[in-house]
2 protein chains.
Amino acid sequence: MAHPFLRKLRHGAHLTQDNENVLIALARPVRSLAAREDVSIEGEPRGHLTLIVEGWACHYTTLENGKRQIVSLYLPGDLCEPFGILPRFMTNAIAAITPVTIAQLRHDTMRSTAQASPRIEEALWWDLLTSFAIEREHLISLGRRTATERLGHLFCELHLRLENIGLVDDELSYDMPVTQADLGDLLGLSLVHVNRSLQELRATRLMSLRGRRLTIHNLRGLRELSLFDESYLHRVTSPSRHQPHAEIGELA
Amino acid sequence: MAHPFLRKLRHGAHLTQDNENVLIALARPVRSLAAREDVSIEGEPRGHLTLIVEGWACHYTTLENGKRQIVSLYLPGDLCEPFGILPRFMTNAIAAITPVTIAQLRHDTMRSTAQASPRIEEALWWDLLTSFAIEREHLISLGRRTATERLGHLFCELHLRLENIGLVDDELSYDMPVTQADLGDLLGLSLVHVNRSLQELRATRLMSLRGRRLTIHNLRGLRELSLFDESYLHRVTSPSRHQPHAEIGELA
DNA sequence: CGGCGGGTTGAGTCGCATCAACATGCGTGG
DNA sequence: CCACGCATGTTGATGCGACTCAACCCGCCG
């Protein structure tokens, strides 16, 4: 099975076999973390990017009044920081949600790799762009969607993101290991209200969530209810993959 | 008076006089727009980036149920899109808030300029990074701050962003041309509630807003009330400016 | 003068938060 | 092997923050 990073990139970028080999070599798993463990601590400067290879993680902030907001959810194949620059310090922290294995990509190697191959650079930019688009849509949810719409929207989004990396079974069912408390922190809701809104969602019979398993029974219905429009994910419908022969302009 | 784009960059990047000249040449104003006019329309593909030279603009989305969410506020010197890639299509629209003049930067020139000068590339990345950080903090506001906190936080942020480009008078007072209706769409609130929360804020005497003029009477107090921590803006306290002599590594 | 964009105010309602129990399953240590 | 603690999920009661609907005000401009 292909590396989730590559699987994802194939939905928006055009990589040759060579390109993929280069990326794979950079993205070797190097560390494992237990659930709830912090990947990096606020304020700590580092020389590498974090790539999720397996498991789920999140980017969160804790305000001074103790409230917590999860800003972003990271799935296998997701880069946790932009590739182009290292901030002088982190302003918030990344934590594992499930047990996680990560790869740490040296920042300077990333940059020189991108400079050497326009295709790889293009792919990294596409990835960055969709990450931002996801956060933007998250912002829109918090601003203008109701609790059930937020939940539904999240589940629709996860459905596509997980499908990209081959983690959806029968096109409708996937593992959803996020607790209700974390869903609250992600969606700007209280734990109690998440619970009740989930029940409301289940009652629509559009989807169900038992144990850690989420199943969508009526995708179109769920999307309508959630005001979900997939275009922000900038996804190419069929995974694209170029021939392995010479790239025009490569290394130019 | 220096170009707002340069003034802003000086708070996070290290540019030589040469670098600045190059950027200035790219960022010539090319178009004027009336208030409320759309800069670019959803779905329309383009070959250039938009830079605000004068006036305020915003990036917004309208959901299918008619609700509107402003995702981002753009001040003079702000780039409205990431410089590295052109999305195949825009998923949302940019509109002028006040009368606006913009520069349109050709995307390919941007990229080759960045490639030719590491310092310029660094500066553009820093700019991009802070834009994201601002949107992220916006997301946190929508998720976890109350109405008055959101307003206060916004005013604190604008205070710094405007100070960066020299649009704050006496370190405490600036023009704030956003209507209450737009504040609602920006902060995920109803117009009516914005009005009442503003009154509440005025009642604290930490700040006042009369006409289009916002004045901060107690900056520290306002920041505490708003849970505002400026570090996300990645701002260097004193504007940095390198000597105009040779750059080591330039064009390497 | 009338219309319109912007701001303000009041009344009523509802979504969501908070506080507080209680249920369940699991892992651990006695 | 059971007792206990802990994480997770569920439910009820109550209150507040924010929304909606509906006026009304002012200043500006055609």
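Owing to the predicted nature of the structure, the values given are computational and were not obtained by experimental measurement. Chain identifiers are assigned alphabetically (A, B, ...) following the order of the sequence lines, protein sequences preceding nucleic acid strands; residue numbering begins at 1 within each chain.
- With rounding to whole Å, B:His193 atom NE2 is found 16 Å from C:dG15 atom P.
- In this entry the distance linking CZ of A:Arg144 with P of D:dC19 reads 7 Å, nearest Å.
- At a threshold of 4.0 angstrom between heavy atoms, the contacts of B:Gly188 are confined to the sugar-phosphate backbone, with no base atom among them.
- Looking at heavy-atom distances under 4.0 Å, B:Thr179 makes contact with sugar-phosphate atoms alone, never a base.
- Of the candidate nucleotides C:dT8, D:dT20, D:dT10, C:dT8 has the atom lying nearest to any side-chain atom of B:Arg202.
- Taking only side-chain atoms of A:Ala147, from C-beta outward, the nucleotide of C:dA17, C:dC16, C:dA20 with the closest atom is C:dC16.
- Note on B:Arg212: a side-chain N or O is less than 4.0 Å away from OP1 or OP2 of C:dG7.
- In this structure, A:Glu200 atom CD and D:dT10 atom P are separated by 14 Å, rounded to whole Å.
- D:dT8 atom P lies 19 Å from atom CZ of A:Arg196, rounded to whole Å.
- In the set D:dG12, D:dC19, C:dT8, the nucleotide with an atom closest to the side chain of B:Leu191 is C:dT8.
- Annotation: B:Arg28, atom CZ; neighbour count of heavy atoms from other residues, nucleotides and ligands within 6.0 Å does not exceed 12.
- Checked against A:Asp175 for a salt bridge (charged side-chain N to carboxylate O under 4.0 Å, His left out), the options A:Arg212, A:Arg210, A:Arg213 give a single hit: A:Arg213.
- Rounded to whole angstrom, the span from the CG atom of A:Asn65 across to the C1' atom of C:dA17 amounts to 14 Å.
- A side chain to side chain contact (heavy atoms under 4.5 Å, CB included) with A:Leu151 holds for exactly one of A:Leu209, A:Leu183, A:Leu186; it is A:Leu183.
- The phosphate of D:dT11 has OP1 or OP2 within less than 4.0 Å of a side-chain N or O from A:Gln199.
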Atom pairs, protein N/O to nucleotides 27-30 of chain D N/O, distance under 3.5 Å:
none

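- In the interface, the side chain of B:Arg36 is not paired with the base of C:dG5 through any donor and acceptor atom under 3.5 Å apart.
- Using a 4.0 Å heavy-atom criterion, one finds that A:Thr146 contacts the sugar-phosphate atoms exclusively.
- A:Leu142 has its CG atom 19 Å from the P atom of C:dG15, to the nearest Å.
- Partner of A:His48 under the side-chain hydrogen bond (donor to acceptor under 3.5 Å, both in side chains) criterion, chosen from A:His107, A:Glu81, A:Gln104: A:Gln104.
- Heavy atoms of other residues, nucleotides or ligands lying less than 6.0 angstrom from CD of A:Glu54 number 12 at most.
- Among D:dT11, D:dA18, C:dT9, the nucleotide with an atom closest to any side-chain atom of B:Leu189 is D:dA18.
- Within the 4.0 Å cut-off from OP1 or OP2 of C:dT8, at least one side-chain nitrogen or oxygen of B:Gln180 is found.
- Rounded to an integer number of Å, the gap from CZ of A:Arg210 to C1' of D:dT8 is 17 Å.
- Checking D:dA13, D:dT10, C:dT8 against the side-chain heavy atoms of B:Asn195 singles out C:dT8 as nearest.
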Q: Take B:Arg223 and B:Glu230 through the salt bridge (Lys or Arg N to Asp or Glu O under 4.0 Å) test and state the conclusion after the steps.
A: CA-CA 9 Å; B:Arg223 287 185 171 183; B:Glu230 78 171 87; 3.5 Å; yes
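- The CG-C1' distance, from A:Leu209 to D:dT8, rounds to 12 Å in whole Å.
- Between B:Arg144 and A:Asp185 a salt bridge is recorded (basic side-chain N to carboxylate O distance below 4.0 Å).
- The distance from atom CZ of B:Phe155 to atom CG of B:Leu222, rounded to the nearest 0.5 Å, is 8.5 Å.
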